[in-house]
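Since the structure comes first, as structure tokens, the remarks are kept for the end.
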Amino acid sequence: MMNLIWLIPLAWLTVVSAILLWYRRELLAAWREPVLRHPVLIIESDDWGAGPVEAQARALHQLVELLTKFKDRTGRHPVMTLALVLAVPDGPSIRRDGRYHRLTLEDPMFAPVREAIERGRAAGVFALQLHGLEHYWPDALMASPDPAVRAWLEGDAPAITERLPSPLQSRWTDASVLPSRPLPPERIAAAVAEEVRLYERIFGERPRVAVPPTFVWNEAVERAWAREGIEFVVTPGLRSACRNADGVPDCDAGPFHNGLRGAGVGYVVRPDYLEPERGHRAERALAALAARTAEGRACLLETHRSNFIADVALSSSAFEAIHQLYNAALQQNQELRFPSTAELGDALRPWRVRIRAIRRFWRLARVSGLAWLLPLPS
Ligand SMILES: [Zn+2]
């Protein structure tokens, strides 16, 4: 009888160990992810830059005026990140000789857009990030058999990339055929060097954060970005490396957590959305902020320029949603903070550096193999 009673805690221990073992990856990842002291809210806004001139300039100025109305306790305005696209096709030149030509954000035609970006940057409400030289891989567009794509390429500039077929909006895979084909790593390296150099020429500094267009990229892209000084990559929590036969992002790796290291870059996770064109309102964003705050994580809300440059009814509802969001978020969270995504990435990093500074622990961790489980500073 005694023997049978002892079996009960043993069986329980076995079950508990099995559960821990089964979930070890998720548990370790959650344990390693730094916990933030204050609620953090960042609106991450993609696709700005080369494109429609007046509509973007107007929207960007309106955003500057809206965001400068709010401040956190430290006196900082809300930061909206702008993931920037640096070129669109030069349609008339493509018509002339049938080869690809680009019109970059340096062109005088885009001066009003650049001025609006710089105004928000100076006011501390815009933090600039790299989206891509183009929101597509030029050769994939040129190779596309779709007559609508050819017409788009040859149209009068500036073209609107949101109108391209979705698979072709991915920059880091060749989606001229489906399933898409990977790009040669040396071409990726050359394209990344080119886009970082152009970004630096336009904005006076290298980008620290990259936002992969349509979240399709691979390790070769990460390595190239890291070589050019990119420190952080924004991800929804996974990385898609291809477009599948249906044109949908696929070939996934992940899940990724905040502060996890990729090939020379650190990930920052952006799991939430504020897309008024899809019916999202401030309440949804506030619920996301409450959920992330409870987890000790930053709330990064994905949005796109299309919300702000569309017709008047839609864009005014988008500005209104942002106004309501900051109003309520500051009322509900006394300690709310507004860093940029790069600053958030910096805050996620010191934990890993500190671990190495505990020298005896680090030696033991290396000898015992424990270090293998810890995220290493690279
Ligand atoms: Zn985009």
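As a basis for the values below, the full set of heavy atoms in this structure was taken, side chains included, without hydrogen atoms, waters or symmetry mates.
Under the 3.5 Å distance criterion, the side-chain polar atoms of Asp47 are left unmatched by any main-chain donor or acceptor of Arg305. Although no hydrogens or angles enter the test, the distance criterion places a donor-acceptor pair under 3.5 Å between the side chain of Thr235 and the main chain of Gly237. In this structure, the side chain of Ser170 does not engage the main chain of Trp172 through any donor-acceptor pair within 3.5 Å. At least one donor-acceptor pair under 3.5 Å links the side chain of Asn244 to the backbone N or O of Gly247. Distance alone, capped at 3.5 Å, is enough to place a donor-acceptor pair between the Asp311 side chain and the Ala313 backbone. Looking at His135, its side chain does come within 3.5 Å of a backbone N or O of Gln169 through a donor-acceptor pair. Panel note: side chain Glu106, backbone Ile202; no donor-acceptor pair is recorded below 3.5 Å. Checked by atom type and distance alone, the side chain of Asn333 never pairs as donor or acceptor with a backbone atom of Glu335 at under 3.5 Å. For the pair Glu343 (side chain) and Ser340 (backbone), a donor-acceptor distance under 3.5 Å is present.
To the nearest 0.5 Å, atoms CG (Leu348) and CZ (Arg297) are separated by 10.5 Å. Here the CG atom belonging to Leu274 is positioned 12.5 Å from the CG atom belonging to Leu300, to the nearest 0.5 angstrom. A distance of 5.0 Å separates CG in Leu183 from CH2 in Trp137, rounded to the nearest 0.5 Å. Taking CZ from Arg270 and CG from Asn258, the interatomic distance works out to 12.5 Å, rounded to the nearest 0.5 Å. Remark: Leu41 CG to Leu325 CG distance equals 5.5 Å, nearest 0.5 Å. Rounding to the nearest 0.5 Å gives a distance of 5.0 Å between CD1 of Ile230 and CG of Leu130.
Counting only heavy atoms from C-beta outward, the side chains of Trp48 and Val113 never approach each other to under 4.5 Å. Taking 4.5 Å as the limit, some side-chain heavy atom of Leu141 sits within range of a side-chain heavy atom of Leu164. Under the 4.5 Å side-chain criterion, counting only non-hydrogen atoms from C-beta, Leu20 is not in contact with Ser17. Using a 4.5 Å cut-off on side-chain heavy atoms (C-beta onward), Leu153 and Met142 make contact. Phe338 places none of its side-chain heavy atoms less than 4.5 Å from the side chain of Thr74. Side-chain contact between Glu195 and Leu198: absent, with no pair of heavy atoms (C-beta onward) separated by less than 4.5 Å.
More than 12 heavy atoms of other residues, nucleotides or ligands sit less than 6.0 Å from atom CZ of Arg281. More than 12 heavy atoms of other residues, nucleotides or ligands lie within 6.0 Å of CD in Glu186, so this atom counts as buried by the packing criterion.
When the side chains of ILVMFWY residues are joined at heavy-atom separations under 4.5 Å, either directly or via intervening members, Val177 and Val149 end up in two distinct hydrophobic clusters. Both Leu344 and Tyr326 are assigned to one and the same hydrophobic cluster, defined by single-linkage of ILVMFWY side chains at heavy-atom distances under 4.5 Å. No chain of hydrophobic side-chain contacts below 4.5 Å, direct or via other Ile, Leu, Val, Met, Phe, Trp or Tyr residues, connects Leu168 to Val221. One hydrophobic cluster holds both Leu60 and Phe203 under the rule that ILVMFWY side chains link at heavy-atom gaps under 4.5 Å. Note: the hydrophobic cluster containing Val79 does not contain Phe232 (ILVMFWY, side chain heavy atoms under 4.5 Å, direct or indirect links).
A salt bridge is absent between Glu65 and Lys69: the closest approach of a Lys/Arg side-chain nitrogen to an acidic carboxylate oxygen does not fall below 4.0 angstrom. Taking the charged nitrogens against the carboxylate oxygens, Arg187 and Asp139 do have a contact shorter than 4.0 Å, which makes a salt bridge. Between Glu200 and Arg197, no side-chain nitrogen of the basic residue sits less than 4.0 Å from a carboxylate oxygen of the acidic one, so the salt-bridge criterion is not met. At a threshold of 4.0 Å, the pair Arg114-Glu118 does not count as salt-bridged, since none of the basic side-chain nitrogens sits closer than that to a carboxylate oxygen. With respect to Arg227 and Glu222, no salt bridge is recorded, no charged nitrogen being found less than 4.0 Å from a carboxylate O.
Nearest approach of His131 to Asp46, heavy atoms of both residues: NE2-CB, 3.9 Å. What you find for Gly120 and Val64 is that their closest heavy atoms are CA-CG2, 3.5 Å. The minimum heavy-atom distance linking Arg181 with Ser176 is given by the pair NH2-OG, 3.7 Å. Annotation for Leu286 and Ala329: closest pair CD2-N, 3.7 Å, computed over non-hydrogen atoms. Glu275 and His280 make their closest contact through N-ND1, 2.9 Å (heavy atoms, listed as atom of the first residue, atom of the second, distance). Of all heavy-atom pairs between Gln129 and Thr341, the closest is OE1-CB, 3.2 Å.
Because its NZ or CZ atom is both nearer than 6.0 Å to the ring centre of Tyr273 and within 45° of the ring axis, Arg278 counts as a cation-pi partner of that residue.
You'll find the ring centres of Tyr136 and Trp152 inside the 6.0 Å limit. Between Phe319 and Phe308, the ring center distance clears the sub-6.0 Å criterion.
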Worksheet item: Would Glu194 and Arg102 satisfy salt bridge (Lys or Arg N to Asp or Glu O under 4.0 Å), going step by step from the backbone distance to the final call?
Response: CA-CA 13 Å; Glu194 189 179 21; Arg102 63 171 63 102; 3.1 Å; yes

Discussion item. Side chain to side chain donor-acceptor pair (under 3.5 Å), that's the test. Do Ser240 and Asp250 meet it? Break it down for me.
Written reply: CA-CA 5 Å; Ser240 303; Asp250 206 338; over 6 Å; no

Worksheet item: Would Tyr199 and Glu228 satisfy side chain to side chain donor-acceptor pair (under 3.5 Å), going step by step from the backbone distance to the final call?
Response: CA-CA 11 Å; Tyr199 181 106; Glu228 296 298 329; over 6 Å; no

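Between the side chains of Asp174 and Ser180, no donor-acceptor pair is found at a separation under 3.5 Å. In the model, Ser166 has a side-chain atom that pairs as donor or acceptor with a side-chain atom of Arg243 under 3.5 Å. Residues Thr303 and Ser45 have side chains that never bring a donor and an acceptor to within less than 3.5 angstrom of each other.
Under the salt bridge (Lys or Arg N to Asp or Glu O under 4.0 Å) rule, Glu231 has a single partner from Arg206, Arg208, Arg261, which is Arg208. The residue from Ser93, Pro92, Pro89 that alone fulfils the side chain to side chain contact (heavy atoms under 4.5 Å, CB included) condition with His101 is Ser93.
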